[in-house]
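Notes follow the structure.
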Amino acid sequence: MNAEKNKINCAVIGARGYTGVELVKILLRHSRVELRALTTRSKETVPVRKLVPTLPEGVKLEVRPYDFESLKKNADVAFVCLAHTEAAETVKQLRKAKKIVIDLSADFRLRDEKAYPEWYGHRHPCPELLKDAVYGLSEIYREKIKKADLIANPGCYPTGAALGLWPLLKADLIDSDTLVIDAKSGVSGAGKKLNEATQFCEVNENFYAYKVNRHQHTPEIEQTLSDAAGKPLRVTFIPHLLPVTRGILTTLYAKLKSGVKDAKVRSAFEKAYDKEAFVRVMPEGEFPQLHAVRHTNYCDIGFSVDARTGRIVVVTAIDNLLKGASGQAVQNMNIRLGFPEDEGLKTW
């Protein structure tokens, strides 16, 4: 803790990626944070203003090669923005040093160690830490996040899907065996690494499904929704790639329980989210759009009950880089440290 300024000292590990850059922008406007370290796995030092040219000229921060001893000395909270499998050892090192860690990779999201080889193709490198990790879906696991020193920040697809279905499962309004999740993401969700599938000529004027029935976020979604339902469940999850930079629009389908009407559904959403700063349930007949949530930490939710078929359709929209990653990570830090939950995240 920076006692002189009554601020918390923060580090961003992997600061050159999309989520790292978003964290830099948020943390620099956070009134309770001193941004003390920005690191990269490369050997090159980069002025942060090269990554975020809109920053004031007075910002002299640099992204430097990773140096654990410097982090150990200068940071109280570390945001880890590394790819899955790369993050785990760094997280282990930071936890040994008693740092609060918010991990934006997938390495600590699943409670079941056996799920990692099936969905990520490798054994978990630090299974001993799984019991300490708290899944950081802010609105759902807030009380656990308050006490956690290792927070596993959710994936972007699971955030939009879980927030849309949680109230309905919790109130037992839908048949949990009928869940279909149809999600469309902007290209930034794939990260900065070179990939033929995300090159301009492949994405521009194109739209397609990928990893059909085998996307690695599937068990993460099922884990959260099983908590809501109070029993194990399975979902059909199909992701698609949109020819846009950022944002996720998710359409959720389920069979309603007998006798469930609009009023009961709206009551469930209002009970779940009326007091939430970053979830907006839309009026009847209105549905989310990406342009309304881009560059914000909001999740917008709209729904329609189809009396003819007995089904419900729920639509959610988030910015995959903010509510789906860096914004929620800061929201989790605020919860953990007792700061106002919207500190650093207010947008107009």
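Worth saying up front: this structure is predicted, and the values here are computed from it rather than measured. FYI, side chains are in, hydrogens and waters are out, and symmetry mates aren't considered; it's all heavy atoms of this structure.
Hydrophobic clustering, with ILVMFWY side chains joined whenever heavy atoms are under 4.5 angstrom apart, keeps Ile13 apart from Tyr18. Cluster annotation: Ile140 is connected to Phe278 through the hydrophobic network of ILVMFWY side chains, with a link wherever side-chain heavy atoms come within less than 4.5 Å. Hydrophobic clustering keeps Val80 apart from Leu337 (ILVMFWY residues linked when any side-chain heavy atoms are closer than 4.5 Å, directly or through intermediates). Hydrophobic clustering keeps Leu249 apart from Phe303 (ILVMFWY residues linked when any side-chain heavy atoms are closer than 4.5 Å, directly or through intermediates). Under a hydrophobic clustering in which Ile, Leu, Val, Met, Phe, Trp and Tyr are joined whenever their side-chain heavy atoms come within less than 4.5 Å, directly or via other members, Val134 and Val91 fall into different clusters.
Put simply, the side chain of His30 does not reach to within 4.5 Å of the side chain of Lys7, judged on heavy atoms. Contact annotation: the side chain of Val260 never approaches that of Leu168 to less than 4.5 Å [non-hydrogen atoms, C-beta and beyond]. Using a 4.5 Å heavy-atom cutoff, the side chains of Leu61 and Leu28 are in contact. For the pair Phe287/Ser304, a side-chain contact is recorded, criterion being any heavy-atom separation below 4.5 Å from C-beta on. Within the 4.5 Å cutoff, no side-chain heavy atoms of Thr39 are placed close to those of Asp67. Looking only at side-chain heavy atoms (C-beta outward), Ser326 and Leu321 stay at 4.5 Å or farther from each other. In this structure, the side chains of Tyr157 and Ile181 stay at 4.5 Å or more apart for every pair of heavy atoms. In this structure, Arg336 and Asp149 have side chains that are in contact, with non-hydrogen atoms separated by less than 4.5 Å.
Of all the heavy atoms in Phe79 and Met333, the pair that sits closest is CZ-SD, 3.7 Å. Looking at every heavy atom in both residues, Asn153 comes nearest to Gly136 through OD1-O, 4.4 Å. What you find for Leu27 and Val12 is that their closest heavy atoms are CD1-CG2, 3.8 Å. The nearest pair of heavy atoms linking Arg16 to Glu44 is NH1-OE1, 3.4 Å. Minimum interatomic distance between Ala317 and Leu290 (heavy atoms only, all atoms of both residues): CB-CD2, 4.3 Å. Shown here for Leu23 and Ala329, the closest heavy-atom pair between the two residues is CD2-CB, 4.4 Å.
For the atom pair Thr250 OG1 and His240 NE2, the distance stands at 11.0 Å (nearest 0.5 Å). Taken from CG in Asp76 to CG in Leu71, the straight-line distance is 11.5 Å, to the nearest 0.5 Å. Rounded to the nearest 0.5 angstrom, Ile301 CD1 and Leu165 CG are separated by 9.5 Å. In this structure, Ile151 CD1 and Asn332 CG are separated by 5.0 Å, a value rounded to the nearest 0.5 Å. With values rounded to the nearest 0.5 angstrom, Asp132 atom CG is found 7.0 Å from Leu150 atom CG. Gln216 CD to His84 NE2: the interatomic distance, rounded to the nearest 0.5 Å, is 6.5 Å.
The closest donor-acceptor contact from the side chain of Tyr273 to the backbone of Leu163 lies under 3.5 Å. Proximity of a side-chain donor or acceptor of Thr236 to a complementary backbone N or O of Val180 within less than 3.5 Å is not detected. When atom types are taken as modelled, the side chain of Asn74 and the backbone of Ser70 share a donor-acceptor pair closer than 3.5 angstrom. Checked by atom type and distance alone, the side chain of His215 never pairs as donor or acceptor with a backbone atom of Ile238 at under 3.5 Å. No side-chain donor-acceptor contact under 3.5 Å links Asn320 to the backbone of Ile248. In terms of modelled atom types and a separation under 3.5 Å, the side chain of Gln223 and the main chain of Leu110 share no donor-acceptor contact. Here the side chain of Glu343 pairs a donor or acceptor atom with the backbone of Ser31 at under 3.5 angstrom. Glu22 places no side-chain N or O within donor-acceptor distance of the main-chain N or O of Gly327, the cut-off being under 3.5 Å.
More than 12 heavy atoms of other residues, nucleotides or ligands lie within 6.0 Å of CZ in Phe207, so this atom counts as buried by the packing criterion. When the shell of 6.0 Å around NZ of Lys25 is examined, it contains more than 12 heavy atoms from other residues, nucleotides or ligands. Residue Arg280 qualifies as enclosed at atom CZ: its count of foreign heavy atoms under 6.0 Å is above 12. Around CD of Glu128, the count of heavy atoms belonging to other residues, nucleotides or ligands within 6.0 Å exceeds 12.
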*Tyr135 and Glu220: side chain to side chain donor-acceptor pair (under 3.5 Å), yes or no, with the steps?*
CA-CA 10 Å; Tyr135 188 65; Glu220 186 181 337; 2.6 Å; yes

_side chain to side chain contact (heavy atoms under 4.5 Å, CB included) evaluation trace for Val313 with Leu252_ = CA-CA 6 Å; Val313 176; Leu252 308 154; over 6 Å; no

*Would you check, one step at a time, whether the test side chain to side chain contact (heavy atoms under 4.5 Å, CB included) holds for Lys99 with Gln93?*
CA-CA 9 Å; Lys99 305 302 178 184; Gln93 193 178 37; over 6 Å; no

*Could you give me the CA-CA distance, side-chain angles and deciding distance for Thr347 and Asn297, then say whether side chain to side chain contact (heavy atoms under 4.5 Å, CB included) is met?*
CA-CA 8 Å; Thr347 50; Asn297 198 51; over 6 Å; no

*asked:* For Gln331 and Lys323: C-alpha separation, side-chain torsions, deciding distance, then whether side chain to side chain donor-acceptor pair (under 3.5 Å) applies.
replied: CA-CA 9 Å; Gln331 187 179 357; Lys323 186 58 176 167; 2.9 Å; yes

*Could you go through the side chain to side chain contact (heavy atoms under 4.5 Å, CB included) check for Glu69 and Lys72 one step at a time?*
CA-CA 5 Å; Glu69 291 304 321; Lys72 186 176 178 180; 4.1 Å; yes

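In the model, Glu86 has no side-chain atom that pairs as donor or acceptor with a side-chain atom of Ser105 under 3.5 Å.
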N/O donor to acceptor pairs below 3.5 angstrom from side-chain atoms of residues 171-179, sequence neighbours left out:
{"from": "Asp172", "atom 1": "OD1", "to": "Lys257", "atom 2": "NZ", "distance (Å)": "2.6"}
{"from": "Asp172", "atom 1": "OD2", "to": "Lys257", "atom 2": "NZ", "distance (Å)": "3.4"}
{"from": "Asp175", "atom 1": "OD1", "to": "Asp177", "atom 2": "N", "distance (Å)": "2.9"}
{"from": "Ser176", "atom 1": "OG", "to": "Lys231", "atom 2": "NZ", "distance (Å)": "3.4"}
{"from": "Thr178", "atom 1": "OG1", "to": "Asp175", "atom 2": "O", "distance (Å)": "2.8"}
{"from": "Thr178", "atom 1": "OG1", "to": "Lys255", "atom 2": "N", "distance (Å)": "2.8"}

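Qualifying ring-ring contact (aromatic ring centres under 6.0 Å, His included) partners for Tyr253, counting only residues two or more places apart in sequence or in other chains: none.
Under a 4.0 Å N-O distance rule, the pair Glu34/Arg36 does not qualify as a salt bridge. Asp319 and Arg246 are joined by a salt bridge, as a carboxylate oxygen and a charged side-chain nitrogen come within less than 4.0 angstrom of each other.
Remark: Arg41 qualifies as a cation-pi partner of Tyr66 under the 6.0 Å distance and 45° angle criteria applied to the six-membered ring.
No close placement of the His217 and Phe237 rings is indicated, their centers lying 6.0 Å or farther apart.
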